Amino acid sequence: MKKNTITDIQNMRDQGSPIAMITAYDYPSACLASEAEIPIILVGDTLGMVVLGYDSTIPVTIDDMIHHAKAVVRGSGASHVVVDMPFGSYQSGWQDALRNATKILQETGCDSVKIEGGSRSAETVQRLSEAGIPVMGHIGLTPQSVKQFGGFKVQGKTPKDAVHLISDAKELESAGAYAVVLELIPVALSQMITQRISIPTIGIGAGPFCSGQVQVMHDILGLFNKFQPKHAKQFHNVGGDILATLMEYRKQVEDRSFPSANESFYMDDHALELIRSQLPDLDNDLSDAVRIMTEQNYELIARVSEFENIMD
Ligand code: KIV
């Protein structure tokens with residue numbers, strides 16, 4: 001199966017085809033995303049929040065990312081898989097970033113990595129790109145810096161901040177980024193950025209004028225109801241469906257309507273007779289039964305293979 005490459009993604013942008021990107025953190029969700037023909041799957045470090053239960057992405061480690069990304073790659077089909085470089089894996093300099101990005105690529109088989117930050121990450125983006133590692137940038141609200149921003153707030157609302165973000169996007173493009181995520185910025189600003197650079201912009205909370213959109217899968221499915229960001233549209237309440245299913249399962253176990261004959265397995269009558277005649281009466285003394293069974297172990301093993309032959 002042919003993978004979507006960064007050239008295919010650039011072609012989509014050049015032809016004006018909106019690019020859908022979705023997060024996935026495990027094999028079944030990656031299989032579904034690829035079956036839905038979503039061109040890009042992001043193994044986002046949001047997994048720290050929606051899968052691991054942290055209150056930010058900061059505690060997520062490289063090993064966490066690799067563990068989840070390996071499963072996603074196995075289910076990704078033709079979708080391009082981009083993996084977030086987590087907090088602390090690239091900020092200390094391009095050498096560390098190159099070592100860690102290499103590890104992520106080699107151990108997961110993913111197609112590219114994503115790095116947060118504009119001008120401050122430009123050298124790293126350049127070094128990685130020169131080393132043959134495709135890099136997606138990420139500016140605006142960069143969640144790994146949430147403590148610096150003082151919360152998940154819209155960025156680029158003042159003229160000074162807006163100009164900064166335009167220049168960040170241009171620097172990332174010059175450094176060789178193949179695309180850039182624009183997170184939580186005003187619609188007019190994302191439109192200006194999209195018009196001023198020639199690589200795809202992928203928006204989240206950045207309005208409709210980007211080259212593509214990315215969403216956290218748990219948000220659009222309604223799987224994670226603790227927090228619903230304004231920019232996320234809940235397309236379905238899967239969490240509600242799962243809850244109802246789990247409650248029904250518990251009820252059926254409790255009233256013994258599950259498992260029914262449909263979910264049960266039966267034994268050949270002849271084999272059953274043979275077992276009954278060989279086993280001690282378990283209704284008598286259980287410890288005695290265990291002793292007898294242990295003494296008869298060898299004979300029982302022989303009998304079991306006899307049953308298996310009968311069953312075959
Ligand atoms: O980690 C993530 O899921 C992301 C998206 C919010 C773009 O970076």
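Atoms within each ligand, like the ligands themselves, are counted from 1 in listed order. Just so it is clear, the structure is predicted and the values come from calculations on it, not from any experiment.
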| request: Verify, without hydrogens or angle tests, whether Glu171 (side chain) and Asp168 (backbone) share a donor-acceptor contact under 3.5 angstrom. | output: no
| Just heavy atoms, cut-off under 4.0 Å: does Ile204 contact ligand 1 by side chain, backbone, both, or neither? | side chain
| note | ligand 1 atoms nearer than 4.0 angstrom to some heavy atom of Gly44 are 1 (O), 2 (C), 3 (O)
| query | How far is atom 2 (C) of ligand 1 from its nearest protein heavy atom, and which residue and atom name does that atom have? | reply | Thr46 OG1, 3.2 Å
| query | With distance as the sole criterion, is a donor-acceptor pair present between the side chains of Thr61 and Asp63 under 3.5 Å? | reply | no
| task | Please confirm whether Lys114 comes under 4.0 Å of ligand 1, counting heavy atoms of the residue only. | result | yes
| Does atom CD of Gln234 have more than 12 heavy-atom neighbours from other groups under 6.0 Å away? | yes
| said: Would you say that more than 12 heavy atoms from the other residues, nucleotides or ligands in this model lie under 6.0 Å from the NZ of Lys2, or not? | reply: yes
| query | Any N or O of Tyr25 that comes nearer than 3.5 Å to an N or O of ligand 1? | reply | no
| Taking non-hydrogen atoms only, is Leu47 closer than 4.0 angstrom to ligand 1 via side chain, backbone, both or neither? | neither
| message | I'd like to check which ligand 1 atoms, numbered from 1 as shown, lie under 4.0 Å from a non-hydrogen atom of Glu183. | response | 6 (C)
| Under a 4.0 Å heavy-atom limit, does Thr23 contact ligand 1 with its side chain, its backbone, both, or neither? | side chain
| request: Could you verify whether a donor N or O on one side chain and an acceptor N or O on the other, from Ser129 and Tyr178, lie under 3.5 Å apart? | output: no
| query | For Leu105 and Cys110, which heavy atoms make the closest approach, and how far apart are they? | reply | CD1-SG, 3.7 Å
| Does Asp161 reach the main-chain N or O of Lys157 with its side chain, forming a donor-acceptor pair under 3.5 Å? | no
| With a 4.0 Å cut-off on heavy atoms, does Gln215 reach ligand 1? | no
| field | Heavy-atom nearest neighbour in the protein, as seen from atom 4 (C) of ligand 1, with distance rounded to 0.1 Å | value | Leu42 CD2, 3.5 Å
